[in-house]
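Quick caveat, the model's predicted, so the values are computed rather than measured.
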Amino acid sequence: VEDTRELLENVQYSPSAGRFKVYLIDEVHMLSNHSFNALLKTLEEPPPHVKFLFATTEPKKLPVTILSRCLQFNLKPLAPKVIVDALTKILEKEKFSHDTESLWDIAAAADGSMRDALTLLDQGISFCEGQIRVDDIREMLGVPDKQQSFNILEAIAAKSASNALEIIEKIAETSPDFVSLLDNLLSTCHRLAIAKVLPNSIDNDLGDKEQVLKLSEQFLSEDLQLYYQMGAKARSDLQSSQDYRSAFEMLILRMIVFSPIEEANASRDTVANQKKKSKTQTKTHTKTRKKPRSQTGVPAQSILPNEPFR
């Protein structure tokens with residue numbers, strides 16, 4: 001409240017340089033109700049030389065009286081490729097060595113925010129001692145390697161439980177976050193499902209277009225939909241599990257063992273085999289039907305015409 005009052009006292013004075021005095025208040029939803037009430041009068045009739053910029057990630061927490069007196073601009077998250085291009089220009093200008101894959105990881109961790117990306121880049125420069133490498137960046141961010149998800153999906157496509165468990169065992173040696181690994185796996189499944197239906201719509205914003213298109217050819221659309229649903233439902237079980245690795249392994253085994261297409265084909269084959277077997281048994285029974293016997297129980301053909309009955 002005191003800072004707000006001091007701000008309002010200085011609002012009436014014209015700027016010493018330039019045409020406007022611009023007040024930028026970040027995370028404005030954190031202000032108290034008393035501060036908003038103090039700003040209300042100034043917002044209703046601001047001096048001509050004053051501009052207010054309010055930034056917030058929670059616009060619903062702002063009072064209606066404040067929102068009604070402001071123009072709202074909803075900023076969209078930036079695409080990862082835009083962030084990577086901007087970081088590349090900065091590193092080239094500052095002459096820091098780097099690899100492209102590490103910048104993709106930073107862009108993914110920034111989640112569309114250029115400010116967060118620049119903060120992570122600054123931390124990465126200090127952590128990597130001026131040479132940004134993908135292994136060091138992943139260690140700093142604590143995120144799994146995207147290639148791990150592709151390796152697991154390749155094992156699922158091949159229905160190879162041994163390869164899948166071997167890959168998970170190697171991943172477990174680095175003490176990974178299995179929840180983040182599952183999120184990465186679901187994201188890859190989502191891209192594979194889109195590539196299966198609309199191959200031309202896959203972009204290279206994550207730098208994995210060719211790998212996604214190649215891997216999508218090994219799956220059926222129905223299986224990808226099933227795998228995504230299984231993974232989404234298993235995420236809550238994984239978070240509440242005491243052994244993350246075991247829960248993750250059970251999920252992968254379910255994906256490998258259960259396939260609705262194969263189950264349906266096996267069921268149809270079983271029914272067809274049963275019908276075929278039934279028809280074969282009917283024909284065999286017709287051919288081997290016993291000949292009629294006489295009242296004495298002796299076969300009719302064994303009775304000679306001149307021999308009397310006894």
Side-chain angles (χ1 to χ4, degrees), residues 77-156 163-192 204-212 215 231 234-252:
L78 297 175
K81 190 176 186 305
V82 176
I83 296 178
V84 169
D85 293 341
L87 297 182
T88 301
K89 292 180 180 179
I90 294 174
L91 292 174
E92 290 178 352
K93 186 175 181 180
E94 299 295 332
K95 298 181 180 180
F96 284 110
S97 62
H98 65 282
D99 52 21
T100 306
E101 194 171 357
S102 62
L103 299 184
W104 282 107
D105 289 335
I106 292 177
D111 196 19
S113 173
M114 182 62 73
R115 179 183 62 181
D116 293 346
L118 294 175
T119 301
L120 292 174
L121 180 64
D122 188 28
Q123 295 175 0
I125 293 174
S126 300
F127 185 83
C128 301
E129 298 180 353
Q131 295 182 351
I132 298 180
R133 295 292 178 264
V134 61
D135 294 336
D136 295 333
I137 291 297
R138 285 171 181 166
E139 182 181 354
M140 181 191 76
L141 298 176
V143 296
D145 185 359
K146 290 188 297 183
Q147 186 59 39
Q148 295 173 350
S149 298
F150 284 101
N151 294 338
I152 294 174
L153 287 170
E154 288 176 355
I156 294 174
N163 290 344
L165 294 179
E166 184 179 352
I167 293 170
I168 296 174
E169 183 177 0
K170 292 181 180 179
I171 296 174
E173 294 176 356
T174 60
S175 300
D177 182 3
F178 281 99
V179 177
S180 299
L181 180 60
L182 177 57
D183 291 339
N184 201 345
L185 188 69
L186 292 176
S187 176
T188 306
C189 283
H190 171 254
R191 288 177 62 80
L192 290 175
N204 198 34
D205 286 350
L206 299 178
D208 57 356
K209 179 179 179 179
E210 295 182 1
Q211 195 170 11
V212 167
L215 184 58
R235 192 178 189 279
S236 58
D237 297 337
L238 185 63
Q239 290 177 326
S240 61
S241 176
Q242 295 181 354
D243 188 352
Y244 291 159
R245 176 181 173 179
S246 297
F248 187 80
E249 287 179 344
M250 290 300 296
L251 169 63
I252 300 303

What are the two closest non-hydrogen atoms of L251 and A234, and how far apart are they? CD1-CB, 3.8 Å
Measuring from atom CD of E154 to atom CD of Q211, what distance do you get when rounded to the nearest 0.5 angstrom? 7.0 Å
Roughly how far apart are I125 CD1 and Q123 CD, rounded to 0.5 Å? 10.5 Å
So, do D136 and I132 sit near enough that their side-chain heavy atoms are less than 4.5 Å apart? no
Smallest heavy-atom separation, P80 atom then A107 atom, equals O-CB, 3.8 Å
Provide the closest heavy-atom pair for S102 versus I137 in the form atom of the first, atom of the second, distance. CB-CG1, 3.8 Å
I need the K170 NZ to E166 CD distance, nearest 0.5 Å. 4.5 Å
Could you go through R235 and D183, starting from their C-alpha distance and side-chain angles, then the distance that decides it, and tell me whether this counts as side chain to side chain contact (heavy atoms under 4.5 Å, CB included)? CA-CA 8 Å; R235 192 178 189 279; D183 291 339; 2.6 Å; yes
Over 12 non-hydrogen atoms of neighbours within 6.0 angstrom of CE in M114: yes
Student check: side-chain heavy atoms of L87 and L118 closer than 4.5 Å: yes
Distance (rounded to the nearest 0.5 Å) between H98 NE2 and Q131 CD: 12.5 Å
Between K146 and D105, does any side-chain N to carboxylate O distance fall below 4.0 Å? no
Look up atom OG in S246 and atom CG in L238, then write down how far apart they are to the nearest 0.5 Å. 10.5 Å
Tightest non-hydrogen contact, residues F96 and G130, listed as CD2-O, 3.4 Å
Partner of I152 under side chain to side chain contact (heavy atoms under 4.5 Å, CB included), chosen from N163, N184, I171, T188: I171
Rounded distance [0.5 Å steps], CD1 in I83 versus NZ in K81: 12.5 Å
State, with a plain yes or no, whether a side-chain heavy atom of L141 is found less than 4.5 Å away from one of F127. no
CA sep, side-chain torsions, deciding dist, call: K89, D85, salt bridge (charged side-chain N to carboxylate O under 4.0 Å, His left out): CA-CA 6 Å; K89 292 180 180 179; D85 293 341; over 6 Å; no
I'd like to know if the side chain of D237 reaches the main chain of A247, judged simply by a donor and an acceptor atom lying under 3.5 Å from each other, with no hydrogens or angles considered. no
Step by step, would you call I252 with L185 a side chain to side chain contact (heavy atoms under 4.5 Å, CB included)? CA-CA 11 Å; I252 300 303; L185 188 69; 4.0 Å; yes
Tell me, yes or no, whether the heavy-atom count around D243 atom CG, taken from other residues, nucleotides or ligands under 6.0 Å, exceeds 12. yes
Heavy-atom pair with the smallest gap, counting every atom of Q239 and Y244: O-OH, 3.7 Å
Would you mind reporting whether D111 and P77 have side-chain heavy atoms less than 4.5 Å apart? no
